[in-house]
Amino acid sequence: KEMAPPLSYVLNVFVFFGIFMISSALILSKFKKITFFVLSLIIILSITLNPISMRADYSEFQHDICNYARIHMQKTDIFLVPPLGSWRLCLNRPIVVDFKAIPFNDKDIVTWYNRIMDVTNHKILEYDITPVWRKNDINPAYYTLTKKDIDVLKERYGIKYVIFSTNHNLTYPLVYKNLKYQIYSLE
């Protein structure tokens with residue numbers, strides 16, 4: 001996963017601190033029109049040029065796989081994807097589950113949890129006093145799924161395509177591949 005460079009974070013903090021200072025000056029200033037113009041300009045620039053808020057959370061290889069899927073697969077096709085990553089936004093297709101989209105009501109949290117457990121082969125919890133999510137174990141646990149496991153998930157969730165790392169091969173028909181990811185068809 002690519003990380004935003006530290007300079008981006010510094011720039012982001014600087015821009016928002018600047019907005020705060022100028023908005024404070026706007027309240028106290030005699031030159032309200034000029035201050036308002038400068039504040040507006042900073043806000044517009046921070047929204048359009050902000051390297052953090054507008055940054056995609058996926059690599060060029062993930063982007064390549066997503067472009068292929070958006071062009072060649074139906075909008076209703078359901079994908080089984082690694083739980084960590086921005087696959088839902090990148091693909092713009094239904095996925096079984098991801099780690100980022102946690103629901104807000106009790107019933108849906110249980111459904112989300114069960115799906116996370118299904119796609120990670122029930123291997124991602126470490127029990128201490130209370131269960132603790134181990135984020136570093138989530139995608140590796142996903143890659144322990146076997147053909148038999150995926151066939152069960154296909155029946156349960158109506159999956160049509162599986163995205164796997166090129167380090168882990170499956171026996172399904174290969175649809176598309178780049179240096180890091182591959183798409184398999186379950187049809």
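Numbers for residues simply follow the sequence, beginning at 1.
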> At what distance, to the nearest 0.5 angstrom, does CG of Leu186 lie from CD1 of Ile159?
Replying inline: 6.5 Å
>> Tell me whether the count of non-hydrogen atoms from other residues, nucleotides or ligands lying under 6.0 Å of CD in Glu187 goes above 12.
In response: yes
>> Determine whether Glu60 and Asn178 satisfy the following criterion, side chain to side chain donor-acceptor pair (under 3.5 Å), listing intermediate values before the conclusion.
In response: CA-CA 10 Å; Glu60 66 180 274; Asn178 63 30; over 6 Å; no
>> Using the rule given for side chain to side chain donor-acceptor pair (under 3.5 Å), can you reason through Asp64 versus Tyr181, listing the C-alpha separation, both sets of side-chain angles and the distance that settles it, and then say yes or no?
In response: CA-CA 9 Å; Asp64 175 56; Tyr181 297 105; over 6 Å; no
> Would you say Thr111's side chain and Lys107's backbone share a donor-acceptor pair under 3.5 angstrom?
Replying inline: yes
>> Ignoring hydrogens, what is the shortest heavy-atom contact between Arg88 and Asp98? Give both atom names and the distance.
In response: NE-OD2, 3.3 Å
> Name the one of Asn167, Asn169, Thr166 that satisfies side chain to side chain donor-acceptor pair (under 3.5 Å) with Gln182?
Replying inline: Asn169
> Aromatic rings Tyr143 and His168: how do their planes relate, parallel, tilted or perpendicular, breaks at 30° and 60°?
Replying inline: parallel
> Passes side-chain contact (heavy atoms from CB on, under 4.5 Å), Tyr172 versus Asp151? Steps please.
Replying inline: CA-CA 10 Å; Tyr172 298 104; Asp151 287 340; 2.6 Å; yes
>> Working to the nearest 0.5 angstrom, can you tell me the gap between Lys177 NZ and Ile183 CD1?
In response: 12.5 Å
> Hey, does the side chain of Asp108 reach the backbone of Pro103 with a donor-acceptor pair shorter than 3.5 angstrom?
Replying inline: no
> If you take all heavy atoms of Cys90 and His63, which pair is closest and at what distance?
Replying inline: SG-CA, 4.1 Å
> Rounded to the nearest 0.5 Å, how far apart are CZ of Arg156 and CG of Asn114?
Replying inline: 9.0 Å
> With side chains defined as the heavy atoms from C-beta onward, is the minimum distance between Val97 and Asp118 less than 4.5 Å?
Replying inline: no
>> Rounded to the nearest 0.5 Å, what separates atom CE in Met117 from atom CH2 in Trp112?
In response: 10.5 Å
>> Using 0.5 Å steps for rounding, measure from the CD1 atom of Ile150 to the OH atom of Tyr157.
In response: 13.5 Å
>> Could you report the tightest heavy-atom contact between Pro94 and Thr76, atom names first, then the distance?
In response: CG-O, 3.9 Å
> Checking side-chain contact (heavy atoms from CB on, under 4.5 Å) for the pair Leu145/Leu153: CA distance, chi angles, key distance, verdict?
Replying inline: CA-CA 10 Å; Leu145 291 172; Leu153 296 176; 4.1 Å; yes
>> Please give me the minimum heavy-atom distance between Pro83 and Val119, naming the atom from each residue.
In response: CG-CG2, 3.7 Å
> Aromatic rings Tyr68 and His72: how do their planes relate, parallel, tilted or perpendicular, breaks at 30° and 60°?
Replying inline: parallel
>> If only side-chain N and O atoms count, and only distance matters, is there a donor-acceptor pair under 3.5 Å linking Thr146 with Asp149?
In response: yes
> Would Asp77 and Tyr161 count as a side-chain contact (heavy atoms from CB on, under 4.5 Å) if you check the C-alpha gap in whole Å, the side-chain angles of each, and the deciding distance to 0.1 Å?
Replying inline: CA-CA 7 Å; Asp77 291 342; Tyr161 297 99; 3.3 Å; yes
> For the atom pair CG (Leu179) and CZ (Phe61), what is the distance rounded to the nearest 0.5 Å?
Replying inline: 5.0 Å
> Has the side chain of Tyr142 got a donor or acceptor atom that lies under 3.5 Å from a matching backbone atom of Leu80?
Replying inline: yes
> Do you know the tightest heavy-atom contact between Val96 and Arg115?
Replying inline: O-NH1, 2.8 Å
> For Arg93 and Ile71, which heavy atoms make the closest approach, and how far apart are they?
Replying inline: NH2-N, 4.5 Å
